[in-house]
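To start, the structure under review is shown below, and the notes come after it.
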2 protein chains.
Amino acid sequence: MSNEPDQSEPIEILRELGLKEYEARSFVALTRIPQGSAKEVSEIADVPRTRVYDAVDQLQSYGLVDVQHSTPQRFRAIPIDEAIALLRREFDERFDSLRESLEAIEPVGEESLESGANVWTTSGEEAITSRAIGFIDSAEEEIVFVLDGDDETELTPKRLLDRLRVATERGVTVYVGALSEGTYKEVQATVPEVEVFESELEWLQPQTEKEDERIGRLLLVDRGRVLLSSLSSGNSVSETAIWSDSVGNGLTIIGRRLLAAGLDREGENLDSAENRAGSHDGTGGTDGESGDEREQ
Amino acid sequence: MSNEPDQSEPIEILRELGLKEYEARSFVALTRIPQGSAKEVSEIADVPRTRVYDAVDQLQSYGLVDVQHSTPQRFRAIPIDEAIALLRREFDERFDSLRESLEAIEPVGEESLESGANVWTTSGEEAITSRAIGFIDSAEEEIVFVLDGDDETELTPKRLLDRLRVATERGVTVYVGALSEGTYKEVQATVPEVEVFESELEWLQPQTEKEDERIGRLLLVDRGRVLLSSLSSGNSVSETAIWSDSVGNGLTIIGRRLLAAGLDREGENLDSAENRAGSHDGTGGTDGESGDEREQ
DNA sequence: GCGATAGTTGACCCGAATCGTCACAAAACG
DNA sequence: CGTTTTGTGACGATTCGGGTCAACTATCGC
């Protein structure tokens with residue numbers, strides 16, 4: 001028909017899960033009725049009647065619908081819960097296989113020769129959080145973490161705060177700058193042993209007249225590794241980060257300076273840390289911006 | 001180049017997870033090296049070099065790879081574990097949304113008017129197991145369950161056996177016929193309170209000269225609902241089942257007779273059960289066929 | 001500096017997978 | 001027995017993604 005209360009969302013998701021348009025539509029239609037004939041499905045799903053059969057056949061092979069081989073045929077979707085569970089299991093299997101097969105063939109090059117003086121960019125909250133956690137876990141002396149005041153986006157998930165706590169327990173000094181009261185309290189509550197300062201680093205968002213791009217998180221570890229993410233407000237807020245695990249490049253220098261400036265307003269131990277930092281890694285940071293050397 | 005130890009499996013899976021061919025190939029290639037240039041990726045992944053950029057851009061937007069914006073650009077995949085975790089979270093979200101959106105629009109028709117005298121067919125082990133569990137849970141008096149001796153396919157997962165146990169605790173009489181020693185013991189061990197008989201129902205697979213289609217499971221609940229599945233041995237064994245939750249149709253009658261015959265060889269309580277069964281359910285069966293009268 | 005080489009981007013072509021429609025046989029209905 | 005509905009197969013129209021190429025830019029070597 002055409003009086004559907006917009007069934008497009010589940011259809012969209014089902015497509016992402018691998019179903020074809022007609023399959024998705026037909027399935028959603030079937031979830032709305034106890035059972036139905038091809039014609040009914042066609043009308044509710046807005047799928048050409050003659051193609052409902054193909055679609056349902058597939059769905060049946062997936063185990064998502066049952067078919068009554070009578071004349072006319074009748075179809076019914078399995079209960080929603082079962083369907084979800086079914087799909088979930090299916091994908092779980094895939095994830096497992098994926099891990100196995102990936103780990104089975106991984107090696108190809110020679111050695112690792114990891115860290116170089118490189119700047120990488122990562123996108124996506126999840127991925128960035130992972131990277132941040134990696135940084136935090138690698139900290140030996142000091143962590144400085146400044147984060148946006150926006151409480152909406154989950155830039156400091158529990159698993160991240162947990163890592164921060166672990167770091168402090170390891171003897172790492174942790175400074176956290178929160179740009180908002182809310183974030184401040186949250187961090188304070190979760191990781192009490194951390195030195196939280198409700199920063200006045202508003203200068204982190206200085207030039208932004210247009211609110212479509214602002215800083216998300218700023219992480220400096222042992223004065224040698226830096227991660228800086230920005231939130232671009234397209235339709236849905238997306239986070240992009242640049243990071244480096246080496247010193248000597250412009251990014252590190254800038255980040256260092258920024259943080260130092262910010263922290264100076266709170267504690268003094270900053271200067272000393274600043275000095276220490278300058279001498280725990282090789283490459284002579286040249287200068288601004290992009291004049292950084294590349295791999296090893 | 002072309003000396004890959006077959007990276008096709010992970011590629012295939014990644015495609016199922018929604019990645020494009022080039023994206024999948026590039027990602028797999030990147031998991032095999034700490035980092036790489038477009039050229040290297042191209043060679044390992046066997047992707048046109050000029051298209052590596054597109055692919056990696058996408059991967060970056062998914063958060064699966066990091067990009068070094070230097071010249072030449074260099075790429076690196078996030079650790080396998082992180083990648084899996086990332087994808088898993090992504091799909092979990094989808095499942096949740098799917099459930100929500102489906103439940104939000106479900107209603108369309110009028111009443112339910114469920115059960116009719118219908119025969120449905122279902123395919124896929126998972127889906128069939130779900131249906132079987134539904135049957136078992138609905139049992140009030142008696143369950144007869146005969147299953148194939150094949151120990152390879154998991155036709156009796158734990159969650160199913162658990163339900164059987166629950167049924168017995170509910171007061172339902174459960175008979176289980178196992179066509180193999182292994183299955184017999186397994187069931188016996190898991191659900192001791194059940195009456196297991198190592199059936200000689202070989203006649204269940206009588207006409208099969210060609211081994212490409214055999215009976216999987218046979219379930220009869222309260223002598224009113226029947227489920228019968230067959231295993232077709234194509235490339236991968238696939239299970240298809242027909243079932244009905246009503247009496248009075250041929251399927252039920254046949255199933256009843258089959259089971260009765262089989263059980264008779266073991267215990268006598270069968271007859272009594274058979275008799276009892278005749279008086280607890282509704283539809284007026286038409287004719288003879290089997291000479292057993294039905295319900296009231 | 002200046003040409004040579006390599007990296008990067010975008011455009012284009014083509015084939016496969018799907019969508020959308022149709023014609024037609026089979027079955028149901030009155 | 002004619003009309004309507006149902007089931008099956010085939011067919012063109014699109015769309016999407018794979019595959020290739022040419023042009024443009026940047027880096028390197030002389």
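What you see below is based on every heavy atom in this structure, not just the backbone, and it leaves out hydrogens, waters and symmetry mates. Letters go in sequence order (proteins before strands), and every chain restarts at 1.
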Can you figure out which of [options] approaches the side chain of [X] most closely?
X: R51(A); options: dG19(D), dG7(D), dA10(D); value: dA10(D)
X: E21(A); options: dT8(D), dT8(C), dC19(C); value: dC19(C)
X: T50(B); options: dT20(D), dT8(D), dA27(C); value: dT20(D)
X: T71(A); options: dA28(C), dT9(C), dT20(D); value: dA28(C)

Check this for me: does any side-chain nitrogen of one of [X] and [Y] sit under 4.0 Å from a carboxylate oxygen of the other?
X: E90(B); Y: R94(B); value: yes
X: R217(B); Y: E125(B); value: no
X: D81(B); Y: R88(B); value: no
X: E21(A); Y: R25(A); value: yes

Practice problem: Within residues 55-66 of chain B, find the residues that approach DNA chain D with a heavy atom at under 4.0 Å, and present them sorted by residue number. | Solution: none
Could you pull out every donor-acceptor pair under 3.5 Å between side chains of residues 48-58 of chain A and any protein atom, sequence neighbours left out?
unit_1	atom_1	unit_2	atom_2	d
R51(A)	NE	D54(A)	OD2	3.0
Q58(A)	OE1	Y62(A)	OH	3.4

Quiz item: So does Y53(B) get a side-chain nitrogen or oxygen closer than 4.0 Å to the phosphate oxygens (OP1/OP2) of dT8(C)?
Solution: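 Affirmative; the distance criterion is met.
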[N] [atom2] sits how many Å from [X] [atom1], rounded?
X: I11(A); N: dC19(C); atom1: CD1; atom2: C1'; result: 14 Å
X: L19(B); N: dG18(D); atom1: CG; atom2: C1'; result: 15 Å
X: D54(A); N: dG9(D); atom1: CG; atom2: P; result: 9 Å
X: K20(B); N: dG18(D); atom1: NZ; atom2: P; result: 8 Å
X: Q73(A); N: dA27(C); atom1: CD; atom2: C1'; result: 13 Å
X: Q68(A); N: dG7(D); atom1: CD; atom2: P; result: 11 Å
X: Y22(A); N: dA17(C); atom1: OH; atom2: P; result: 17 Å
X: E23(B); N: dG17(D); atom1: CD; atom2: C1'; result: 10 Å

Self-check item: Sugar-phosphate, base or nothing in reach of P48(A), heavy atoms under 4.0 Å
Solution: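 Base contact.
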Quiz item: If you look at every strand shown and take non-hydrogen atoms under 4.0 Å, does R25(B) touch a base, only sugar-phosphate, or nothing?
Solution: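 Since no nucleic acid heavy atom lies under 4.0 Å of R25(B), the category is nothing.
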Quiz item: Parallel, tilted or perpendicular: which describes the rings of W243(A) and F135(A), with under 30° parallel and over 60° perpendicular?
Solution: perpendicular
Quiz item: Can you list the steps and then say if H69(A) with V119(B) is a side chain to side chain contact (heavy atoms under 4.5 Å, CB included)?
Solution: CA-CA 7 Å; H69(A) 283 80; V119(B) 179; over 6 Å; no
Quiz item: For R15(A) and R49(A), take the nucleotide of DNA chain C holding the closest heavy atom to each; which residue's nucleotide lies nearer the 5' end?
Solution: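 Nearest-nucleotide comparison on DNA chain C picks R15(A).
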